[in-house]
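Below: one structure, written as structure tokens.
A, B, ... follow the sequence lines: proteins, then strands. Residue 1 opens every chain.
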Amino acid sequence: MADTYKQSICLPKTDFPMKASLARREPEFIKFWEEEKIYERLLEQNKDKEPFVFHDGPPYANGGIHHGHVLNKVLKDLVVKYRSMKGNHVRYIPGWDCHGLPIELNAERELGKPKDTDDKLSIRKRCEQFAVKWSEHQMEELKRLGVFSLWDEAYRTIDKDYEQTIVEELAKIVDAGMIYRGRKPVYWCAGCRTALAEAEVEHHDHVSPSVYVKYSVIDREKIHDVLRIEDDGTPLSLMIWTTTPWTLPASLVIAVHPAYKYRAYRVGSERIVIAQEMAQTTFEECGVGSEPLGEAVEGRNLVDLRCNHPFIEREIPVMTADYVTLEAGTGCVHTAPGHGQEDYALCASVGIEPYAPVDENGRFESDVERWSGELVWDANPKIVQFLHDEGVLLNPVGQTLKHQYPACWRCKQPIVFRATPQWFISMDRSGLREKALAEIDKTRWIPPWGHDRIHGMVEGRPDWCISRQRLWGVPLPFFFCDSCGESLVDGDVIRHIARVIGEHGSDEWFRRDAADLLPEGTVCKCGGKSFTKEENIVDVWFESGVSWAAVAQKREGLSVPVDLYLEGSDQHRGWFHTSLLTAAATRGHAPYKTVLTHGFICNEKGEILSKSQKNFVPPQKTIEAQGAEILRLWVGYEDYRSDIVYSPTIIKSLVDSYRKIRNTFKFMLGNLNDFDPAKDSVSLEEMPQIDLWMLARFNKYLKRLDKAYDEYNFHHIFHGTIELATVELSSFYLDIIKDRLYCEQADGSLRRSAQTVLHTMVGGMARVLAPVLSFTAEDVWKSLPGDKEDSVFLAGFADVEPRWEDDALLDRWSTIREVRREVTKVLEVMRKAGDIGNALQAQVVVRASGSTLELLRDMGSELLTEVLLVSAARVEEGADEVQVEAQPSKDPKCPRCWRLGNGVGTDAKHPDLCTRCAAVVKDLIAAGKLELEG
RNA sequence: GGGCCUGUAGCUCAGCUGGUUAGAGCGCACGCCUGAUAAGCGUGAGGUCGGCAGUUCAAAUCUGCCCAGGCCCA
């Protein structure tokens, strides 16, 4: 008999698979989106709507994608899909950064150092192949993530039109008067006669001479006064320490720390000033006795004091610098702006030009008469001996120090730091810094501290050096007159070059000579007609920094300033920064309205994830094993603002959560298999209270998700959804409506009402989750009954429904759920005692008072029974606190709905059924839908 | 060394402008169900809110210092 009744109930049935088989099925969805042109149709659908301009920052086309790319691109995809589904026109054009050192070094490793133009062009060709290969590779990997993007319209910084824009923007900056030629120290390998990038420098053990050198003080009266010592007529000097005597001819300043204490010491027949803390070690090292004099005073008091260069007719001023340390030396630092980065920055701040009398072969220039033409390394010991002979060296000749010294990675020779001519964009000559800072204030930074970060960087940065002594990039379109040597930097000439490059690509610069590149009849101010072209290329950061001009300004449907830039927080120094400078310089405003940054990926220990780590699992492995959907969920799971963790533990947890969400969908879909929304939907007026509650609660969920997307709080999506699925749906609403879904008349309004709610929620959840769980949402959408759009993405974001809103109802039900919690606790005690198993075996009396009592009475015992999932529930007046009394029901069990009592035995025809089930069964028999045996 | 950021249960997150016994989900433990079943339900145990001082009647929440980690510089 029980089997017969089983046939009379409506159990869930669906094709929607429990097993997602994501790794296998995801490519099918991607194919579906491509073939059905879903993103294109979405764009078409929104083409007259308000645009949301998003501009993609170009990743470097070098190797496959890692977790950082996944995070970045999925975040972008969330924004693009959400905005699109909300009805904005969002054209997401992806890009790749293709020029630059890593690719060039790779090609150089294969082909060797270039010797002539043909070599250069071969290397550039190889670089191009490499960049194209990897950008295409990355594109395929990104497609696999389910990202919506206009792949066919991708931009690359090596595209001819892009290169043309780079040069054109440069012309605008030249027009604005911001470009100048100056000098800046760079790593220089004398053996290879070339500038080196940081990445080409290795550090090796090296033995250097160690010299303590005296700079006699010019302002004797002043220093006696400051240090509170008597002028006894004996020599008085500041003393520096260095391991590069060859930089002494270029010594222009002595730096002291503003806060350290400095003091004079008597050494033999002279007096020497150094940092007090370094006195003991210094004099020991020099092998001399010393006696402190006067008082120790802070370095800041020595500022502007003038000294004599130890062997050149030159005044050396004292300056303060925070980088002076007490780890080694004397606390007085010999400063040669032509031979050191810090030295350069310090001197630049007060307008002292770098001076580096060393040529490209590492030999002294004629300025340095005594050692002119000598290799600096050969000159070193001679300089030391000379210092000694001149009486300005305190320590013995021949002392050395073994330390790490930079060397060329190619020839392994020690390198020099050498000021060379470079091109700069001035931060202050035409007010660029000021403008940029003002624009930073106008921009919205997410998170807000981004403002302070980039503001500080722009405020303190030096002029932008845009020249690089490399090959793989866009040439700096400048020339030099062969007659007078002056540079030719002219906006119109540059625009002419831009057209050439736009037509033929930047290789053309290397193929042609100056005469073929310049407009006909170009003449120098001096009358010269013959020119040489600049050999340097432009900094790649300038290239990516004009992407707003090359892409956002030129492509259809985009415009500048764009609505959003979205990258990792390292880009405050990188792309956000350079893009701001180029736009502020040429347009007077920032290229963006909002800038969002995310953190980096780390492991469980909080360390940055790297491929060299033992337990490193590449994203591709996760895609193959668990599916890209899990990675998408991961992005929506964690708060991207700080660094986020990627670990097997988290992936496992996500797989579990994913299953919960998927299974909830499956259950809801299973109960909709006979539901046609067009025919069967029930209006709000006809719905039972709990269904109205569910819609009100669902409305809150929609509101929360909409807000989460809108405010870029993406992780709230996951938490809101998992909470809805578990707390509200699985363990409450769905559990309670099972009786109605299974046992009520299939076509009755009680069942149809619940189905109406389910249908609403499945469709709504699929639509609001589609930006994150794109594959699953589409999968659900396919199984959703009724007329609908071809894709969930074309259905739009699920809007909040004002008619569902009912806060009073939500309040009431939150009380009901508190009561329910009390009941389940009591039932658990009975279960532990072995009195009941299923809650349906119990009957319950709830005692309450005041508003709670009123509320429960208002509900009625029937609804209360239903909600508590027991066989019978009764309300009585009691104390303030809710009291629950429960006992096992002794009534007979209805074999159809499994509840106890409820009129079992009262129906003559079906004596074993409860009143409700008997009625349902009778109707079914009458309708010929059910036959009972016997 | 400097600028900016992060640090709440095993994991991921809530905790508004300082105010009752710091919340949720997952995981874990124990139990139930077998009409969501490679499912579902219930109960429970987990936290010196990175550490130390301070301000306050009152601090996870404000201030200072320290520790750990990160990005960017030097």
Side-chain angles (χ1 to χ4, degrees), chain A residues 2 5-7 9-14 16 18-19 257 321-325 327 341-342 345 447-457 459-462 568-574 577 597-608 633-634 636-639 641-645 647-657 659-660 662-671 713 715-716 718-727 729-732 734-735 738-739 741-743 820-821 823-834 836-841 869 896-898:
Chain A
Y5 290 130
K6 186 159 180 164
Q7 285 165 28
I9 63 173
C10 310
L11 292 177
K13 195 173 89 187
T14 178
F16 186 80
M18 176 57 226
K19 236 184 127 183
H257 194 281
D322 288 334
Y323 60 76
V324 172
T325 71
E327 276 161 28
Q341 191 64 251
E342 286 176 330
W449 50 257
H451 171 274
D452 295 351
R453 187 167 152 92
I454 193 168
H455 195 277
M457 287 171 174
E459 204 167 31
R461 67 157 296 151
S569 62
D570 54 336
Q571 300 304 332
H572 284 120
R573 186 74 197 186
H577 190 117
T597 52
H598 59 252
F600 286 72
I601 319 296
C602 56
N603 64 20
E604 277 157 317
K605 289 180 203 147
E607 303 156 337
I608 287 298
L633 193 57
W634 166 66
Y637 174 62
E638 306 204 46
D639 187 349
R641 293 174 189 81
S642 50
D643 293 343
I644 72 175
V645 179
S647 70
T649 317
I650 285 174
I651 292 302
K652 189 186 172 300
S653 161
L654 285 168
V655 169
D656 286 346
S657 299
R659 274 220 295 274
K660 179 75 196 181
R662 185 173 183 92
N663 201 45
T664 304
F665 271 126
K666 187 196 172 205
F667 177 74
M668 294 197 283
L669 286 168
N671 285 103
N713 287 320
H715 62 292
H716 292 176
F718 174 90
H719 291 279
T721 299
I722 201 76
E723 192 184 310
L724 181 82
T726 57
V727 181
L729 294 177
S730 198
S731 74
F732 189 67
L734 299 182
D735 218 15
K738 276 177 199 165
D739 179 71
L741 291 168
Y742 297 171
C743 302
R820 191 175 188 257
R821 245 185 307 279
V823 172
T824 51
K825 268 184 209 165
V826 172
L827 294 181
E828 185 62 19
V829 174
M830 293 171 71
R831 230 189 313 266
K832 284 264 149 69
I836 58 164
N838 193 317
L840 283 174
Q841 290 163 7
L869 291 170
R896 187 167 177 275
C897 72
W898 295 352

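Residue A:Lys652 places no side-chain N or O under 4.0 Å from the OP1 or OP2 atom of B:rC11. For the pair A:Tyr5 and B:rG35, the criterion of a side-chain N or O lying under 4.0 Å from OP1 or OP2 is not met. Remark: A:Ser731 is not in phosphate contact with B:rG40, judged by side-chain N or O atoms under 4.0 Å from OP1 or OP2. For B:rA36, the OP1/OP2 oxygens have no side-chain nitrogen or oxygen of A:Lys13 closer than 4.0 Å. Proximity of A:Ser569 to the phosphate of B:rC72: no side-chain N or O atom is located under 4.0 Å from OP1 or OP2. Taking only side-chain nitrogens and oxygens, A:His715 comes nearer than 4.0 Å to OP1 or OP2 of B:rA14. For the OP1/OP2 pair of B:rA39 and a distance below 4.0 Å, the side-chain nitrogens and oxygens of A:Arg659 include at least one atom meeting the criterion. In this model, the phosphate group of B:rG31 is not approached by any side-chain N or O of A:Lys825 to a distance below 4.0 Å at OP1 or OP2.
The interatomic distance linking A:Phe732 (CZ) with B:rG42 (P) rounds to 11 Å, in whole Å. Rounded to an integer number of Å, the gap from CD1 of A:Ile644 to P of B:rG7 is 15 Å. Atoms CG (A:Asn838) and P (B:rC41) sit 13 Å apart, rounded to a whole Å. Atom P of nucleotide B:rA14 and atom OH of A:Tyr637 are separated by 12 Å, given to the nearest angstrom. Distance CD1 (A:Ile608) to P (B:rC71): 4 Å, rounded to an integer number of Å. Counting to the nearest Å, the P atom of B:rG40 and the CG atom of A:Asp656 are 10 Å from each other. Note: NZ (A:Lys738) to P (B:rG35) measures 11 Å, nearest angstrom. B:rC26 atom P lies 20 Å from atom CZ of A:Arg662, rounded to whole Å.
On the C1' atoms, B:rG19 is 24 Å away from B:rC13, given to the nearest whole Å. Taking the P atoms as reference points, B:rU61 lies 15 Å from B:rG15, given to the whole Å. Going from the C1' atom of B:rU48 to that of B:rA60 covers 12 Å, rounded to whole Å. B:rU34 and B:rG46 have their C1' atoms separated by 31 Å, given to the nearest Å. For the P atom pair drawn from B:rA9 and B:rC5, the interatomic distance equals 22 Å after rounding to whole Å. Here the separation of B:rU37 from B:rA29, taken at their C1' atoms, is 22 Å to the nearest Å. On the P atoms, B:rC26 is 31 Å away from B:rC62, given to the nearest whole Å. With both ends at atom P, the span from B:rA58 to B:rG54 equals 12 Å, rounded to whole Å.
Searching all strands for a Watson-Crick or G-U wobble partner of B:rG7 with both distances below 3.5 Å returns B:rC67. Base-pair partner of B:rU12: B:rA24 (Watson-Crick or G-U wobble, both distances under 3.5 Å). In this structure, B:rU48 makes no Watson-Crick or G-U wobble pair, since no nucleotide meets both defining distances under 3.5 angstrom. In this structure B:rG40 sits in a base pair with B:rC32, meeting the Watson-Crick or G-U test at under 3.5 Å. Pairing for B:rC62 is with B:rG54, a Watson-Crick or G-U wobble pair whose two hydrogen-bonding atom distances lie under 3.5 Å.
Base orientation at B:rG46 is syn, since its O4'-C1' glycosidic dihedral falls within 90° of 0.
Nucleotides of RNA chain B nearest to A:Arg831 and A:Ser657 differ in position, and the one nearer the 5' end is that of A:Ser657. Comparing A:Thr726 and A:Thr649 against RNA chain B, the residue whose closest nucleotide sits nearer the 5' end is A:Thr649.
Residue contacts shown for A:Ile9 include a base, since a base heavy atom lies under 4.0 Å away. Within the nucleic acid shown, A:Thr824 comes within 4.0 Å of sugar-phosphate atoms alone, with no base atom in reach, counting heavy atoms only. A:Ser730 comes within 4.0 angstrom of a nucleotide base, judged by non-hydrogen atoms across all strands. Nucleic acid contact for A:Cys743: base, since at least one base atom lies under 4.0 Å from a heavy atom of the residue. Within the nucleic acid shown, A:Asp639 comes within 4.0 Å of sugar-phosphate atoms alone, with no base atom in reach, counting heavy atoms only. A:Val829 comes within 4.0 angstrom of no nucleic acid atom, judged by non-hydrogen atoms across all strands. A:Gly456 comes within 4.0 angstrom of nothing in the nucleic acid, heavy atoms only.
In this structure, A:Thr597 and A:Pro447 have side chains that are in contact, with non-hydrogen atoms separated by less than 4.5 Å.
Across B:rC73, B:rU43, B:rG70, the shortest atom-to-atom separation from the side chain of A:Arg573 is found for B:rC73. Each of B:rA36, B:rC41, B:rC4 was ranked by its minimum atom distance to the side chain of A:Asp735; first place goes to B:rC41.
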>> Does A:Phe718 form a side-chain contact (heavy atoms from CB on, under 4.5 Å) with A:Leu654? I'd like the steps, not just the answer.
In response: CA-CA 10 Å; A:Phe718 174 90; A:Leu654 285 168; 4.3 Å; yes
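Figure legend: A:Arg662 and A:Phe16 shown as a cation-pi pair, the cationic atom lying under 6.0 angstrom from the six-membered ring centre and within 45 degrees of its axis.
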